[in-house]
Amino acid sequence: MERDFEQEFRQLKQDEIPDLWNRIEAGLSEKQPSAKKIAWGKWATLAAAIVCCIIAIPAISLTIGRSVSQSDSSMAATEACTEETNTEEYVSEEACATEETSIAQEYVSEEAVTEEVLETEDSMDMAEERQPSLPTKDELFSGEFKYNTFLDSYKTDLDYIRFYAYFDESEWIEHEDAFEVTNVCATKYYYLDAEVVDNAHVGDTIIIQGIEYLIQTMEQNTNGYSVSLQVDENTVLPEEQYIYQDIYGFERTNDGKHYVILFCSGDYIEEQIYLGSVFFDKDCIMTGYYHGEVCDVLLSEYYANEEYPYISVMSFKITKEGLIRSFQNQIAG
């Protein structure tokens with residue numbers, strides 16, 4: 001009879017298993033702790049937990065405190081940084097605004113100056129356009145002047161006539177078609193007839209403003225004569241008459257008919273021909289010193305804006321009516 005070894009082996013194992021569990025259970029029963037030991041174990045565990053808590057709580061508090069402090073510091077730093085940034089931005093914006101304002105003011109100032117210059121230039125252009133053309137000699141001599149009638153007698157001598165006036169001693173009066181300046185002194189270069197001078201020699205006497213001068217030296221030059229003159233010490237002078245001790249030249253006039261007299265260092269002997277009102281064209285242009293520079297300016301503007309205006313007319317041009325329409329003012333000397 002054949003044996004089934006596999007079946008027997010399984011049966012054997014099944015028989016051994018209950019006995020194994022019985023033995024395990026028996027061993028466990030012998031080693032079960034007592035209730036007292038279990039109770040002490042529980043209290044020991046609780047005590048350890050309490051001790052851990054006591055130790056951990058300060059550390060946790062310190063950590064939390066540091067964390068809160070760091071958080072506060074971080075927030076303060078952030079706020080300070082934000083405030084500083086805002087301040088810098090505000091200062092920067094304020095600086096930009098100030099700079100923009102300054103630039104705007106400079107622009108407005110430059111624009112105002114530019115407009116003022118343009119207005120002055122426009123006024124000058126308009127004045128030049130309105131001014132009539134210079135009269136010809138025929139037109140000048142054909143009739144009498146409506147203004148400055150005292151010039152009628154000196155039409156051939158206009159190049160040698162000068163005007164002097166200070167506005168603190170004169171009055172400025174505006175008329176419909178002219179400006180009047182009162183208390184003006186008009187003078188003319190004193191001159192000698194060409195025939196008298198050309199025929200004079202050393203040792204001769206020559207009469208200047210009623211006084212006899214003795215010719216000591218006389219030499220011809222390109223403009224006339226270089227001379228030296230002397231007045232007799234016994235000469236009786238007319239009232240308020242001046243003796244020129246330093247006359248050094250006779251200069252030929254443009255028309256060749258006269259000689260003007262030079263003395264000192266380039267001055268001309270003058271004689272007064274008029275004292276009273278002189279009339280200027282309303283668009284009269286003055287060439288002279290104005291606001292720190294030599295320039296052309298309307299006489300009306302010069303009078304209105306110059307602190308100490310004066311007239312020292314060295315040369316001038318006139319209209320057919322006799323109005324002075326432009327002149328060169330003496331700058332110095």
Side-chain angles (χ1 to χ4, degrees), residues 120-121 123-167 169-191 251-260 267-290 294-304 306 309-331 333:
T120 302
E121 290 178 351
S123 298
M124 294 289 291
D125 292 340
M126 291 174 65
E128 290 178 356
E129 289 176 1
R130 288 195 298 267
Q131 285 184 350
S133 59
L134 284 172
T136 63
K137 286 186 177 180
D138 291 339
E139 291 174 331
L140 190 65
F141 297 132
S142 62
E144 293 184 351
F145 291 138
K146 177 181 177 182
Y147 296 97
N148 300 321
T149 54
F150 70 94
L151 292 175
D152 279 329
S153 302
Y154 302 97
K155 287 182 179 179
T156 59
D157 300 319
L158 295 179
D159 290 340
Y160 306 106
I161 292 177
R162 303 290 180 261
F163 299 100
Y164 305 95
Y166 289 91
F167 285 107
E169 301 173 355
S170 302
E171 186 179 359
W172 174 275
I173 302 172
E174 183 175 356
H175 298 283
E176 184 177 353
D177 54 354
F179 289 123
E180 176 185 357
V181 179
T182 65
N183 199 31
V184 178
C185 177
T187 65
K188 181 183 73 66
Y189 286 178
Y190 182 88
Y191 52 62
E251 184 180 286
R252 189 179 295 106
T253 60
N254 295 333
D255 59 11
K257 297 179 180 180
H258 305 92
Y259 284 90
V260 293
D267 293 328
Y268 295 93
I269 294 179
E270 299 179 18
E271 58 181 346
Q272 181 175 316
I273 61 172
Y274 175 77
L275 179 63
S277 293
V278 173
F279 295 86
F280 296 82
D281 187 88
K282 279 206 161 182
D283 295 320
C284 179
I285 295 175
M286 183 200 80
T287 300
Y289 195 74
Y290 176 63
V294 178
C295 60
D296 293 340
V297 61
L298 290 170
L299 178 60
S300 56
E301 180 181 343
Y302 169 77
Y303 170 76
E306 188 69 16
Y310 69 95
I311 288 177
S312 181
V313 178
M314 304 305 295
S315 61
F316 62 94
K317 296 177 181 179
I318 61 174
T319 66
K320 290 187 227 180
E321 292 78 16
L323 289 172
I324 297 176
R325 75 165 201 177
S326 64
F327 66 91
Q328 181 176 352
N329 215 31
Q330 184 176 8
I331 296 172

Any donor-acceptor N/O pair, Thr253 side chain to His258 backbone, under 3.5 Å: yes
Close aromatic pair by centroid cut-off 6.0 Å: Phe327 and Phe163: no
Partner residues of Phe150 under the ring pair (Phe, Tyr, Trp, His ring centres under 6.0 Å) criterion, sequence neighbours left out: Tyr274
Any donor-acceptor N or O pair under 3.5 Å, side chains Tyr191, Asp157: yes
Option among Asp281, Val313, Asn148 that satisfies the side chain to side chain contact (heavy atoms under 4.5 Å, CB included) test with Ile324: Asn148
Those residues that, when tested against Tyr164, pass ring pair (Phe, Tyr, Trp, His ring centres under 6.0 Å) (two or more places apart): none
Glu176 with Lys282: basic N within carboxylate O range, under 4.0 Å: no
Heavy-atom side-chain proximity of Tyr268 to Glu251 below 4.5 angstrom: yes
Distance-only side-chain donor-acceptor flag, Thr187 / Glu270, under 3.5 Å: yes
Atom CD of Glu144: over 12 foreign heavy atoms under 6.0 Å: no
Under 3.5 Å: donor-acceptor pair, side chain of Thr149, backbone of Phe145: no
Modelled atom types, side-chain donor and acceptor of Ser312 and Asn329, under 3.5 Å: no
Closest non-hydrogen atom pair between Glu271 and Tyr190, with its separation: OE1-CD1, 3.6 Å
4.5 Å side-chain heavy-atom contact, Leu323 and Arg325: no
Parallel, tilted or perpendicular: ring planes of Tyr303 versus Trp172, cut at 30 and 60 degrees: parallel
Side-chain donor-acceptor pair present, Glu301, Tyr290, cut-off under 3.5 Å: yes
Verdict with reasoning, Tyr147 to Asp177, per side chain to side chain contact (heavy atoms under 4.5 Å, CB included): CA-CA 11 Å; Tyr147 296 97; Asp177 54 354; 2.8 Å; yes
Under 3.5 Å donor-acceptor, Thr182 side chain and Glu171 backbone: yes
Side-chain heavy atoms of Leu298 within contact of Ile285, under 4.5 Å: yes
Side-chain heavy-atom pair Phe179, Asp283 within 4.5 angstrom cut-off: no
Full working for side chain to side chain contact (heavy atoms under 4.5 Å, CB included) between Ile273 and Tyr154: CA-CA 10 Å; Ile273 61 172; Tyr154 302 97; 3.6 Å; yes
Donor-acceptor contact present, side-chain Arg162 to main-chain Met314, <3.5 Å: yes
